[in-house]
Amino acid sequence: MKKLVLIFILVASSSAWAQGDINAGKLKAVTCVACHGSDGNAIIAQYPKLAGQHADYIVKQLADYKLALTTEGTQGRNNAIMAGMVAGLSATDMADLGAYFSSLPISPNTTPENVLAIAEPLYRFGDPERGIAACISCHGPRGNGTSLAGFPKISGQNAEYTALQLQGFRARSRHNDLNRMMQSVAVKLTDNEITALSAYVGGLH
């Protein structure tokens with residue numbers, strides 16, 4: 001029953017985001033190029049690729065960055081760089097940016113063979129003995145996530161960025177995940193597992 005309520009909340013919240021304008025978003029994305037690339041595919045590995053990401057997820061993250069500004073970091077998502085970028089954004093701006101970046105194709109990535117032994121079992125089955133849920137249950141077999149449920153696309157993502165987010169969830173310095181789902185998983189992962197999973201999911205397709 002709790003799971004059904006959770007799904008309903010996720011669907012309701014995601015449908016609240018306004019539909020953005022791709023062309024307007026393209027114009028507004030000029031300031032995003034330095035970190036996220038001219039085509040939404042960040043070349044610098046510590047920054048995320050936004051190309052192909054679910055529009056609703058992008059909008060939520062932008063809103064969470066702005067929420068952190070108004071709550072002194074107690075809510076939302078803290079990031080010094082993004083705080084300055086979102087300060088002047090309206091809800092319409094966020095929707096337009098989400099629509100634009102989601103319309104772009106993400107650049108391909110590969111999974112190194114040396115991470116399969118550690119990462120694949122965790123991704124597909126989790127680790128019941130340690131209470132680690134399978135990544136596939138939220139992000140899907142191909143890492144595409146679910147827009148309606150608010151789960152992001154992680155396939156093709158820069159491994160270094162993914163690792164930084166898992167480390168942030170583990171340290172609870174990033175805490176904008178619903179019901180602390182990511183925190184509860186990441187806190188049980190070792191450094192080697194985070195490195196392996198981050199490289200593994202980038203090549204899912």
Side-chain angles (χ1 to χ4, degrees), residues 3-43 47-71 75-79 81-109 135-158 161-162 165 174-182 201-202 204-205:
K3 290 184 178 179
L4 291 175
V5 173
L6 173 59
I7 292 172
F8 176 79
I9 292 172
L10 286 166
V11 172
S13 64
S14 67
S15 63
W17 304 122
Q19 294 297 312
D21 183 284
I22 293 175
N23 292 325
K26 183 176 182 179
L27 295 175
K28 296 171 182 178
V30 172
T31 57
C32 311
V33 169
C35 293
H36 299 291
S38 59
D39 59 354
N41 290 290
I43 298 175
Y47 299 130
K49 296 180 183 181
L50 301 180
Q53 185 58 267
H54 305 305
D56 289 342
Y57 184 79
I58 293 174
V59 173
K60 180 186 184 301
Q61 299 313 303
L62 292 173
D64 282 353
Y65 285 128
K66 194 162 187 175
L67 178 61
L69 279 176
T70 60
T71 62
Q75 300 178 54
R77 183 175 176 183
N78 290 295
N79 184 282
I81 296 175
M82 287 304 301
M85 300 301 293
V86 302
L89 293 182
S90 66
T92 298
D93 294 332
M94 294 179 188
D96 291 343
L97 288 168
Y100 171 63
F101 283 116
S102 69
S103 73
L104 301 174
I106 190 170
S107 59
N109 209 337
C135 310
I136 198 173
S137 61
C138 292
H139 297 288
R142 298 183 178 182
N144 289 326
T146 307
S147 179
L148 287 177
F151 300 131
K153 175 183 175 68
I154 54 178
S155 173
Q157 190 55 262
N158 289 326
Y161 171 77
T162 301
Q165 301 318 299
R174 178 175 174 181
H175 46 75
N176 70 324
D177 51 326
L178 184 64
N179 291 338
R180 300 181 179 178
M181 287 188 290
M182 284 304 305
V201 300
L204 289 174
H205 54 77

Least distance between heavy atoms, Ser102 atom then Gln53 atom: CB-O, 2.9 Å

task: Would you please name every residue forming a side chain to side chain contact (heavy atoms under 4.5 Å, CB included) with Arg142, sequence neighbours left out?
output: Asn144

CD on Gln19 to OG1 on Thr92, rounded to 0.5 Å: 12.0 Å

task: Quick one: list whatever passes side chain to side chain contact (heavy atoms under 4.5 Å, CB included) with Ser137, sequence neighbours left out.
output: none

- prompt: How far apart are the closest heavy atoms of Gly98 and Ala55, and which atoms are they?
  reply: O-CB, 3.5 Å

Solution key, residues 21-29 side-chain donor-acceptor pairs under 3.5 Å, sequence neighbours excluded:
unit_1: Asp21; atom_1: OD1; unit_2: Asn23; atom_2: N; d: 3.0
unit_1: Asp21; atom_1: OD1; unit_2: Ala24; atom_2: N; d: 2.6
unit_1: Lys28; atom_1: NZ; unit_2: Asp93; atom_2: OD1; d: 2.8
unit_1: Lys28; atom_1: NZ; unit_2: Asp96; atom_2: OD2; d: 2.6

message: Holding to side chain to side chain contact (heavy atoms under 4.5 Å, CB included), I want the full list of residues that pass it with Cys138, two or more places apart in sequence or in another chain.
response: Phe151

query: Restricting to pairs with a member in residues 147-157, which pass salt bridge (charged side-chain N to carboxylate O under 4.0 Å, His left out), not counting sequence neighbours?
result: none

query: Under the side-chain contact (heavy atoms from CB on, under 4.5 Å) criterion, do Ile106 and Asn41 qualify, and how do the steps go?
result: CA-CA 6 Å; Ile106 190 170; Asn41 290 290; 3.6 Å; yes

- request: List the steps, then state whether side-chain contact (heavy atoms from CB on, under 4.5 Å) holds for Met94 with Ile58.
  value: CA-CA 8 Å; Met94 294 179 188; Ile58 293 174; over 6 Å; no

- request: Verify side-chain contact (heavy atoms from CB on, under 4.5 Å) between Lys49 and His36, making sure each step is shown before the conclusion.
  value: CA-CA 6 Å; Lys49 296 180 183 181; His36 299 291; over 6 Å; no

message: Under a 3.5 Å distance rule, please check whether Asn158 uses its side chain to pair with a backbone N or O of Pro48 as donor and acceptor.
response: no

message: How long is the straight-line distance from CD of Gln157 back to CG of Asn109, given to the nearest 0.5 Å?
response: 8.5 Å

task: Show your reasoning for whether side-chain contact (heavy atoms from CB on, under 4.5 Å) applies to Asp39 and Phe101.
output: CA-CA 8 Å; Asp39 59 354; Phe101 283 116; over 6 Å; no

- request: State the OG-CD1 distance between Ser38 and Ile43, to the nearest 0.5 angstrom.
  value: 7.0 Å

Just list the side-chain donor-acceptor pairs under 3.5 Å for residues 62-70, sequence neighbours left out, or say none.
unit_1: Asp64; atom_1: OD2; unit_2: Lys60; atom_2: NZ; d: 2.5
unit_1: Asp64; atom_1: OD2; unit_2: Asn176; atom_2: ND2; d: 2.9
unit_1: Tyr65; atom_1: OH; unit_2: Arg77; atom_2: NE; d: 3.2
unit_1: Tyr65; atom_1: OH; unit_2: Arg77; atom_2: NH1; d: 3.4
unit_1: Tyr65; atom_1: OH; unit_2: Arg77; atom_2: NH2; d: 3.4
unit_1: Lys66; atom_1: NZ; unit_2: Leu89; atom_2: O; d: 2.5
unit_1: Thr70; atom_1: OG1; unit_2: Leu67; atom_2: O; d: 2.9

message: Contact between His139 and Val201 at the side-chain level, heavy atoms closer than 4.5 Å - yes or no?
response: no

